[in-house]
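Accompanying notes for the structure given below.
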Amino acid sequence: MERTLIKDLRSKIDQTVELKGWLQVLRDQKKIQFIILRDPTGAAQVAHWKPNNEALAEEIAKLGTESALTITGKVIDNPVVKLNGLEIQLESLTVDNNAESPLPFDPFAETLPTIDYRQDWRYMDLRRPVNNLFFQVETLVELAMREYWTKNNFIEIHTPKLVGAPSESGAELFSLDYFERKAYLAQSPQFYKQMAMASGFERIFEIGPVFRADPSFTSRHMTEFTGVDMEMSWIESHEDVMASEEAWINYIYTRVKEQYGDAIKEHFGVDLVVPTLPFPRIPMKEVVEILKSRGWVPADKKGDIDPAGERDIAAYVKEKYNHDFVFLTDWPIGVRPFYHMRKPEDETLTRSFDLIACGLEITTGAQREHRVEVLQKQATEKGLHFEPIQFYLDFFRYGCPPHGGFGLGLARLMMVMLGVGNIRESVFLFRGPTRLIP
RNA sequence: GGGGGCGUGGUGUAGCGGCUAACAUGCGGCCCUGUCAAGGCCGAGAUCGCGGGUUCGAACCCCGUCGCUCCCGCCA
């Protein structure tokens, strides 16, 4: 018999169906047993009249909560049943995998264990429908990203994650043995996506793993995460990159809202708002002035702001423009990498931006410096040696168009979109300084 | 790396100098019942993270240590 999904039961009234799922609750009474069976599409009540089959009743009585079951039975319309007014009259039951008892924790309890313990038993935690929905949404988010980009003539690339040289300082690189020498895990596809510009690809994107050896203990950092990167050629300035990113985000939100808006409202309590175009843009110099006027004390960091400042500027933008997103632009050179292009009219500033969403930094982008002699000069200023990055500098020697792009953290976007407070709940499995298992 | 907070049955919490360590949930048993956040009774389950100290007496106070967590730094 073909498996029926629980969401489709209404169309199978009076038919015998096969269901597969997990035993969420067993209510074992004197004459009748009720099994609440859950699959990824919903839950249904299965009723077993014990006198019909006492042996089966005994088997059911021993089932552990969360056992994996296949059952067959007849679908009955029964308005008395609170669960969708339906029930299945049990005909047969197979225990595909009994759940031991007691469970490490009950995923459906009112209060959940701490986040650390739930990570130990992440697969149990992921059985919660809200988490299932999370990854359905994430799947659509990635699909929408690719839809938008492929419609706009972007090429998807996959760059190596085993690399021989740091793309920047090197302080946050994981190193590993690579035969007779050292290799590193890529902390960004930055150099390679620029190589694609030198390759004449004009527009590329990559969605792939990124590794950072930062001992960060916050609710928004990971040592391994999925980076969403884009790079485009023949731009005039970073404005072209921002315009592209905001249209792309607008498209993603539109797709998610139309398909999952109601479910997101129900499970996450979030009324998804598609951000209007254009997103507000504020130069950093102005950002600092605005923050100061609101009582923020600059952390004396040469034009940079701290997370509290990011949250406050987001609050300002929300008040003034009623917008959840804001581009902070024109960052000072001191807090930007050597490959960011500087503003011709003010060499102390870069053609760069961050995108802040609901107070969280989700993107850094810029126009890149494609003139090799300028690039070399800026690298020298940052104290970098040419040898390890010579292959990169060579990208700009034989006809590399002006270009720019951005990198976005997938999990951070998901946090913002669904109102998840901790990045550990925003990935399938979290990797942090002290978390390598499971 | 710096700072704050927290470590008590499987899980979530209460207790903060005198307890045989409490409650909820889960688990086991019995009763009742077409149940549906089911209900009722009974029961098992914790040497209160670990080490040291103060005290007649420590889950409780002090020191150290480990773990977790949040914030900062850093970033996506």
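Chain A is the first sequence line, chain B the second, and so forth, proteins listed ahead of strands; every chain is numbered from 1. Computed from a predicted structure; not experimentally measured.
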Practice prompt. Go through the structure and list residues passing side-chain hydrogen bond (donor to acceptor under 3.5 Å, both in side chains) with A/Thr114, not counting sequence neighbours.
Written response: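 Listed in chain order: nothing, the list is empty.
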Suppose you measure atom [atom1] in [N] against the same atom in [M]; what distance do you get, rounded to whole Å?
N     : M     : atom1 : result
B/U11 : B/C50 : P     : 14 Å
B/A76 : B/U69 : P     : 23 Å
B/G51 : B/G39 : P     : 41 Å
B/G26 : B/A37 : C1'   : 15 Å
B/G43 : B/G5  : P     : 41 Å
B/G9  : B/G49 : C1'   : 15 Å
B/U54 : B/A14 : C1'   : 26 Å
B/U20 : B/C63 : C1'   : 31 Å

Counting only side-chain heavy atoms from C-beta out, which of [options] sits nearest to [X]?
X        : options             : answer
A/Thr363 : B/G34, B/A76, B/G12 : B/A76
A/Arg212 : B/G34, B/G28, B/C75 : B/C75
A/Val81  : B/U35, B/C70, B/C74 : B/U35
A/Ser101 : B/C36, B/C75, B/C27 : B/C27

Atom pair distance, as rounded to whole Å: [atom1] in [X] and [atom2] in [N]:
X        : N     : atom1 : atom2 : answer
A/Met222 : B/C75 : CE    : P     : 17 Å
A/Lys62  : B/G29 : NZ    : C1'   : 16 Å
A/Ile76  : B/C36 : CD1   : P     : 21 Å
A/Leu112 : B/U11 : CG    : P     : 14 Å
A/Leu23  : B/U35 : CG    : P     : 19 Å
A/Glu310 : B/A76 : CD    : P     : 11 Å
A/Lys30  : B/U35 : NZ    : P     : 15 Å
A/Leu328 : B/C75 : CG    : P     : 14 Å

Pair [X] + [Y]: basic N to acidic O under 4.0 Å:
X        : Y        : value
A/Lys7   : A/Asp39  : no
A/Glu147 : A/Arg255 : yes
A/Glu381 : A/Arg342 : yes
A/Arg122 : A/Asp125 : yes
A/Arg435 : A/Glu224 : no
A/Glu142 : A/Arg146 : yes

Fill in: Ring centre gap for A/Phe279 and A/Phe353 strictly below 6.0 Å
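They do not qualify: ring centres at least 6.0 Å apart.
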Item to complete: Step through it carefully: locate the ring centre of A/Phe154, locate the ring centre of A/Trp248, and say whether they are under 6.0 Å apart.
Response: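 Centroid distance A/Phe154-A/Trp248: not below 6.0 Å, so no.
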Just N and O in the side chain of [X]: are any of them under 4.0 Å from OP1 or OP2 of [N]?
X        : N     : value
A/Asn78  : B/C36 : no
A/Thr364 : B/A76 : yes
A/Arg424 : B/C68 : no
A/Thr65  : B/C27 : yes
A/Arg27  : B/A38 : yes
A/Ser219 : B/C71 : yes

With heavy atoms under 4.0 Å as the rule, sort [X] into base, sugar-phosphate or nothing.
X        : answer
A/Arg118 : nothing
A/Asn84  : nothing
A/Ser216 : base
A/Tyr117 : sugar-phosphate
A/Pro104 : sugar-phosphate
A/Phe34  : base
A/Val25  : nothing

For [N], does the base pair up with any side-chain atom of [X] as donor and acceptor (N or O, under 3.5 Å, distance only)?
X        : N     : result
A/Glu110 : B/U25 : no
A/Arg435 : B/C68 : no
A/Thr114 : B/C68 : no

Output side-chain donor-acceptor pairs under 3.5 Å for residues 359-367 of chain A, partner residues at least two apart or in another chain, one line each.
unit_1: A/Thr363; atom_1: OG1; unit_2: A/Glu245; atom_2: OE2; d: 2.8
unit_1: A/Thr364; atom_1: OG1; unit_2: A/Asp354; atom_2: OD1; d: 3.0
unit_1: A/Gln367; atom_1: OE1; unit_2: A/Arg351; atom_2: NH1; d: 2.7

Worksheet item: What stems involve RNA chain B, if each pair must be Watson-Crick or G-U and both of its distances must be under 3.5 Å, with 3 or more such pairs in a row?
Response: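 Stem list for RNA chain B: B:1-7 with B:66-72, B:10-13 with B:22-25, B:27-31 with B:39-43, B:49-53 with B:61-65.
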Practice prompt. Would you mind telling me which residue lines up with the more 5' stretch of RNA chain B, A/Pro113 or A/Gly407, judged by nearest nucleotide?
Written response: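 Whichever sits nearer the 5' end wins; that is A/Pro113.
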Worksheet item: Taking for each residue the nucleotide of RNA chain B bearing the nearest heavy atom, is the 5' side occupied by A/Thr434 or by A/Trp49?
Response: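 Result: A/Trp49.
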